[in-house]
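Okay, structure first, notes after.
Remember, predicted model here, so these are calculated numbers, not experimental data. Excluded from the calculations below are hydrogen atoms, water molecules and symmetry mates; all remaining heavy atoms, backbone and side chain alike, are included. Numbers for residues simply follow the sequence, beginning at 1.
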Amino acid sequence: MRSSKLYKGSLNIIILKLLEEQGKMYGYEITQKVKEITKDELKITEGSLYPALHKLEAEGLLQVEVAKVDNRIRKYYKLTEAGEKETVNRLTELQDFIRTMQQLVNPKLSLD
């Protein structure tokens, strides 16, 4: 991964988007899905993932379901109603940001 600083600022929206698509996921599952989608370009560490999950939970955007799997306790995270709305807002904001960056990085010739 070349630019971890750029990805670090996007971790919350990555989590929210995955949970929007998948319904509910546990931490390790989130890290593996990100690796899979990005073809190992982005690797989220536990040290960054769990603080982000706890922050989103504290903000009321995630709820936790605890389940016993193979004699182990597993925490599943899923979006709350507020989390679903906030995901839409943050994705819109991110898309606007990406468009603006595209204009700066690859400006189009304007005849105006």
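- Criterion: ILVMFWY side-chain heavy atoms under 4.5 Å apart, direct or through other members. Under it, Ile73 and Met25 are part of a common hydrophobic cluster.
- Residue Lys24 holds its NZ atom at 10.0 Å from CD of Gln63, rounded to the nearest 0.5 Å.
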Could you pull out all donor-acceptor pairs under 3.5 Å where a side-chain atom in residues 81-89 meets a protein atom, sequence neighbours excluded?
from	atom 1	to	atom 2	distance (Å)
Glu86	OE2	Arg90	NE	2.9
Thr87	OG1	Gly83	O	2.7

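- Interatomic distance, Leu19 CG to Lys33 NZ, rounded to the nearest 0.5 Å: 12.0 Å.
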Worksheet item: Step by step, would you call Ile30 with Leu53 a side-chain contact (heavy atoms from CB on, under 4.5 Å)?
Response: CA-CA 11 Å; Ile30 293 170; Leu53 287 169; 4.1 Å; yes
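- Atoms CE and CG, on Met101 and Asn106 in that order, are 10.5 Å from each other to the nearest 0.5 Å.
- Remark: Glu21 CD is packed, more than 12 non-hydrogen atoms of other residues, nucleotides or ligands lying under 6.0 Å away.
- Identified under the ring-ring contact (aromatic ring centres under 6.0 Å, His included) test for residues 52-72, with sequence neighbours left out: none.
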Item to complete: Run the numbers on Ile37 and Leu18 for side-chain contact (heavy atoms from CB on, under 4.5 Å), then give the verdict.
Response: CA-CA 10 Å; Ile37 291 169; Leu18 281 176; 3.8 Å; yes
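- Atoms OG1 and CD, from Thr31 and Glu46 in turn, are 7.5 Å apart once rounded to the nearest 0.5 Å.
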Practice prompt. Dump the intermediate steps for side-chain contact (heavy atoms from CB on, under 4.5 Å) on Glu20 and Leu79, then the final yes or no.
Written response: CA-CA 7 Å; Glu20 177 191 57; Leu79 296 176; 3.9 Å; yes
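- The existence of a salt bridge linking Glu65 and Lys78 is confirmed by a sub-4.0 Å separation between a basic side-chain nitrogen and an acidic carboxylate oxygen.
- For Asp96, the side chain to side chain contact (heavy atoms under 4.5 Å, CB included) test picks out Thr92, Arg99, with sequence neighbours left out.
- A donor-acceptor distance shorter than 3.5 angstrom exists from the side chain of Glu29 to the backbone of Tyr26, with no hydrogens or angles considered.
- Looking at every heavy atom in both residues, Thr80 comes nearest to Leu62 through CG2-C, 3.6 Å.
- Linking ILVMFWY side-chain heavy atoms closer than 4.5 Å, directly or via other members, places Tyr28 and Leu42 in two distinct hydrophobic clusters.
- Closest heavy-atom contact between Leu11 and Ala52: CD2-CB, 3.7 Å.
- Tyr76 places none of its side-chain heavy atoms less than 4.5 Å from the side chain of Val64.
- Two residues are said to be in side-chain contact when any heavy atoms from C-beta on lie closer than 4.5 Å; Lys17 and Leu91 meet this criterion.
- With hydrophobic clusters built from ILVMFWY side chains whose heavy atoms lie under 4.5 angstrom apart, Val66 shares a cluster with Tyr77.
- Of all heavy-atom pairs spanning Ile44 and Leu49, the tightest one is CG2-CB, 3.7 Å.
- Note: Lys43 NZ to Thr38 OG1 = 8.5 Å, rounded to the nearest 0.5 Å.
- Phe97 CZ: 12 or fewer foreign heavy atoms inside a 6.0 Å radius.
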